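Taking it in order: structure first as structure tokens, then the write-up.
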Amino acid sequence: MSISGAPESTSVIPPDDFPAQYDPAATEAAIYARWQEAGCFTADASRSARIGGDRQPYVIVMPPPNVTAILHVGHGLNGSVQDVLVRWARMKGLETLWLPGMDHAGIATQNVVEKQLAAEGLSRNDLGREKFVERTAAFVKETGGVILQQLKSIGASADWSRAAYTFSPELSVAVREAFVRLYERGLIYRGHRVIHWCPRCLTSLSDEEAEGQETTGALYHLSYPLADDPTKSITVATTRPETMFGDVAVAVNPADERYQAMIGKNVILPILNLPIPVIADDYADPAFGTGVVKITPAHDANDFEVGRRHELPMPIVIDANGNMNEEADAAGRVPPELRGVDRFEARERVVVMLERAGNLVKKEPHQHSVRHCYRCDTVVEPRLSDQWFVRMAPLAEPALEAARTGRVRILPEKWVGVYEHWMTNIRDWNISRQIWWGHRVPVWYCKECDPPQNVIASREDLTACPFCGCDVVQDEDVLDTWFSSALWPMSTLGWPNDESTDLRAFYPTDVLVTAPEILFFWVARMIMMGYAFKGDAPFHSVYLHGTARDTQGRKMSKSLGNGIDPMDVVNLYGADALRYTLIAGMGLGSDVFLDPSDLDKSFATGRNFATKLWNIGRFLLMNVGSDDVRPFAGLKTEELGRADAWILDRLDAAIRECDRAIGPMKPADDMWRPEELASGLRLNEYAETARRFVWNELADWYVEANKARLLTAGDDQQVARSVLVHVFDQALRLLHPIVPFVSEALWQRLPGHVDGTFLATSSWPIARDVAADERPAQFELIKEIVEAMRRVRAEYAIAPGKSIDAFAVVAPATRRTLEEEVALLGRLARTTLGFVDTAPEGAAANVILAGGTELVIPLAGLIDVKKECEKLSTELTNLEKQLASLVSRLENPGFLARARADVVESERAKRDEWTTRRDLLRTRFEGLCGKA
RNA sequence: GGGCGAAUAGCUCAGCUGGUUAGAGCGCCUGUCUUACACACAGGAUGUCGGGGGUUCGAAUCCCUCUUCGCCCACCA
């Protein structure tokens, strides 16, 4: 198939400049390069109205992907959403900044490098801290940042000149500043307590990093004999019998009748034969298990609290690697045969030992949540240690208020409740990690000074104690990666330098787009830090998008092997196909389902749409040519045909709908009004509206209606060329944020395109404000007539080549204005259409259109009269039934009294229309089929 | 265990504050290579809007309840 079949006179575009088949691979990279050369995505701080410029700023900070990450569909989804928003804002004339960057991803990156070392038979300790950090930095420098390149190939219009990195010198300054300020305000403290410990990563984790997984384990009932009467015993229930060596007490509820006599007595810890006290504490729940809980303060966060309340010792019996071992306060507690044994292995063996000793009462299956390391999935071990914490309650207060007052809008709204719940029950944040890759805790210890002077948090590296001048040592720990991420919107713009141009021009930012999983990891903490250091929220909107899932609803992941590589999609169908499919397929907050085994089907929507768009462009260029086009603005209203008036009307409607779907860009006066909290950011509605306009209105009707006009030289041809080019130009603008490449490629080829201008930086369409006129409605009538004729043809299986005659019975005034236009459109249905005042006699297909217009198609010899009668009969019956129910509604006093006036009005209009139709149908029926 | 959300065409979902003959994409059926497009065009079929109650003149839409799925949180060992 080539365009050689096209009439020579209109074939003005050489095939090599406008291939018949859209080729994204050949188009996209070149276009992206030109955008970058032209600086289309580089934001100019001096234009921000906040520092005296002429434009409102619009800023999105990109959730920084891990520096080692490779693009997956989740990133594709996230990036596409942000890119749609920033491209939209840019076209709306705002000074738009999409600030990209990467996260050094402490534990994750360290794990990658440690794995490499392991392959060489080395551990990080073999290298030592300094060498290890050097090696990791080199690895990151060498291989990191792949994902940023990949984001470019999906069209991300980020300002790469501002790309940031959480571990850069600049951002490290911000991290230190934040730490020291919080420390000085008493919001960071060092605590000795039970935290989540990953025995594989050998570091502590925050509550959020230790993810619970429902697991079927066992609940073991163990009997601990009484010290003063070994014939009696008390039964405790536990899921972790191996921790018994760390038991220092058993607790019962003070109100529990059953155990009143035991409180204060001692029981004997089996195997070890150690006496431990029975204590009373509210923590013991009489309703759970036996009502008795063993207390292991060093290996359970709750037991730790109990231990503190009762001033109990806290022996550690499991070491950092998760093996049974005697550590602090545990001398003689771990039996020699278990020393060095893995905790799970030990569990089995302890159970056997207890069983032999007769202390195992029973074992029952038990469902409970076991926490795993979010980076390596190892079962987390609660461990007693010294860690740094952030006091969260004071920080959470303004952040919570922000969501309540409308300063920050969270979409979809269902997350607001989750956010509130978390914020009101917030717990302190463990920010220290026992790894090497990350921001080292900026705290130095002096051995000579007395507390509190011996602990110094400092913005500068210290070599000597500022108080006594002697040597100091820096804390060994590094900070949680998320501590630096929490500062992201500020630190990337220049904070802590409050005078920084970018910070003044672009902070606070506008929308944060991310996945709901990291609402607490990241989003909530950014809001808190924003208030803590800048006194304001870092953005006014949080958009939480869905997850990419496979056809079985499973989350796409590397480990499951059910992922889709976005680069495959880009290579096969182009970035636009990927973007359109993702954006159109994702309702607010709902997940996107894709079939990894059938990319062709999964991305058909986007691919087909890009192709369609390309073909409209081809038609336009082949038929409009490259000769000068009359400027649209110079056209007089009366020069426009009905089709022109109609498509312009549809365009205005589409523009309005798209604007409404994406929603208000910013809150007025920095506060969302209640009714705005749930509105906007419906990107799928925007995509659907734009698609419908371009495909179903522009291509299916306007282009078809214009074919004849464009071939007939004259004034009207010039009008048609002008309107077509204008409407397509506007349509490309409307679509550009979703499908930037193909729209740009086409826009650059439009007649009259000025070299060096880009669709990416052109203006967003504005709906006209014009007086209503009757022509769009008249075109709708033509459309209906054509559709009716097609239906009749299909129904009676009239051969495609065979022309038929039809008559439309319309009001004389309308008829006069319709005739010429319908003549042009007649070919659409291969029908000769005439207009008459009354229907002709004889057999005919009869269609009643909206508004009471009757279409009569005399089909002598073509139709089966009996079939037609049956059809008329059922149509008539249905209509009468519907009409009856409508009439009864309109006669219902309750309805008339309570329904809104406009509803009543429209119901009445509908009744009148249906009545007319019913009468026409009845006449037709009686004429054709007789009274029978 | 607490909280939140969802259930609409074979599949993925729209249907906003109650009033439409309940929609879209993909899939399916029937025609068509009509000079931009077969990744297309034209036409078509398919839904007791999860079950049951209720409020109302009127419910896919509001309330209650049940069922089934998701998600978030949680110290019941």
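By convention in this document, chain letters (A, B, ...) are assigned in the order of the sequence lines, proteins followed by strands, and residues within each chain are numbered from 1. Since the model is a prediction, treat every value here as computed from it, not as a measurement.
Side-chain N/O atoms of A/Arg371 include one lying less than 4.0 angstrom from OP1 or OP2 on B/C75. Residue A/Arg793 has no polar side-chain atom (N or O) positioned under 4.0 Å from OP1 or OP2 of B/G31. For the OP1/OP2 pair of B/C41 and a distance below 4.0 Å, the side-chain nitrogens and oxygens of A/Trp695 include at least one atom meeting the criterion. Distances shorter than 4.0 Å separate none of the side-chain N or O atoms of A/Asn684 from OP1 or OP2 on B/A14.
With B/C26, B/C37, B/A77 as the choices, the nucleotide that has an atom nearest any side-chain atom of A/Asn608 turns out to be B/C26. Closest to the A/Trp422 side chain, of the nucleotides B/A36, B/C75, B/C73, is B/C73. Considering only side-chain atoms of A/Phe895, the nucleotide from B/A77, B/C39, B/C57 that sits closest is B/C57. Looking at the side chain of A/Asn615, the nearest of the listed nucleotides B/C39, B/A36, B/A77 is B/A36. Comparing atom distances between the A/Met622 side chain and each of B/C72, B/A36, B/A77 picks out B/A36 as nearest. You'll find that the side chain of A/Glu907 is closest to B/G19, out of B/A24, B/C37, B/G19. Of all nucleotides listed (B/A36, B/C57, B/U21), B/A36 comes nearest to the side chain of A/Asn623. Candidate nucleotides B/A40, B/A77, B/G25 were compared by shortest atom distance to the side chain of A/Thr605, and B/G25 ranks first. Proximity note for A/Arg790 (side chain, C-beta onward) versus B/G25, B/A40, B/A42: the nearest is B/A42.
The base of B/C26 has none of its N or O atoms less than 3.5 Å from a complementary donor or acceptor on the side chain of A/Lys601. Side chain A/Glu704 to base B/A36: a donor-acceptor pair is found below 3.5 Å.
Distance noted for atom P between B/G18 and B/C62: 8 Å (whole Å). Remark: the separation of the P atoms in B/A24 and B/G15 is 15 Å, to the nearest Å. Rounded to a whole angstrom, the distance from the P atom of B/C26 to that of B/U21 is 27 Å. Separation of the P atoms belonging to B/G19 and B/A60 is 10 Å when rounded to the nearest angstrom. Look at the P atom in both B/G51 and B/U61: the space between them is 10 Å, to the nearest Å. Nucleotides B/G27 and B/C39, compared at atom C1', are 15 Å apart to the nearest Å.
Across all strands, A/Ala699 comes closer than 4.0 Å to base atoms (heavy-atom distances). Residue contacts shown for A/Glu305 are absent, as no nucleic acid heavy atom lies under 4.0 Å away. In this structure, A/Val236 reaches neither bases nor backbone, as no heavy-atom distance under 4.0 Å exists between it and the strands shown. Here A/Gly291 lies in heavy-atom contact (under 4.0 Å) with a base. In this structure, A/Ala237 reaches the bases: a heavy-atom distance under 4.0 Å links it to at least one base atom across the strands shown. Looking at heavy-atom distances under 4.0 Å, A/Ser369 makes contact with a base. Across all strands shown, A/Trp614 has no heavy atoms under 4.0 Å from either base or sugar-phosphate atoms. At the heavy-atom level, A/His366 lies under 4.0 Å from the strands shown only through sugar-phosphate atoms. Contacts of A/Lys910 with the nucleic acid, taken as non-hydrogen atoms under 4.0 Å apart, involve only primed sugar atoms and P, OP1 or OP2. If you check every strand for non-hydrogen atoms under 4.0 Å, A/Val703 touches a base.
Under a 4.0 Å N-O distance rule, the pair A/Arg791/A/Glu784 does not qualify as a salt bridge. Between A/Arg607 and A/Asp600, at least one side-chain N (NZ, or NE/NH1/NH2) sits under 4.0 Å from a carboxylate O, which counts as a salt bridge.
Partners of A/Thr235 under the side chain to side chain contact (heavy atoms under 4.5 Å, CB included) rule, at least two apart in sequence or in another chain, are A/His221, A/Ser223, A/Thr290, A/Val361. Looking at residues two or more places apart in sequence or on another chain, you find a side chain to side chain contact (heavy atoms under 4.5 Å, CB included) between A/Thr915 and A/Leu883, A/Arg911, A/Arg918, A/Asp919.
Separating the CD atom of A/Glu688 from the P atom of B/A24 is a distance of 9 Å, rounded to the nearest angstrom.
In this structure, A/Phe693 has its ring center at least 6.0 angstrom away from the ring center of A/Tyr702.
With a 3.5 Å limit on both pairing distances and Watson-Crick or G-U wobble geometry required, the stems of 3 or more pairs in RNA chain B span B:1-7 with B:67-73, B:10-13 with B:23-26, B:28-32 with B:40-44, B:50-54 with B:62-66.
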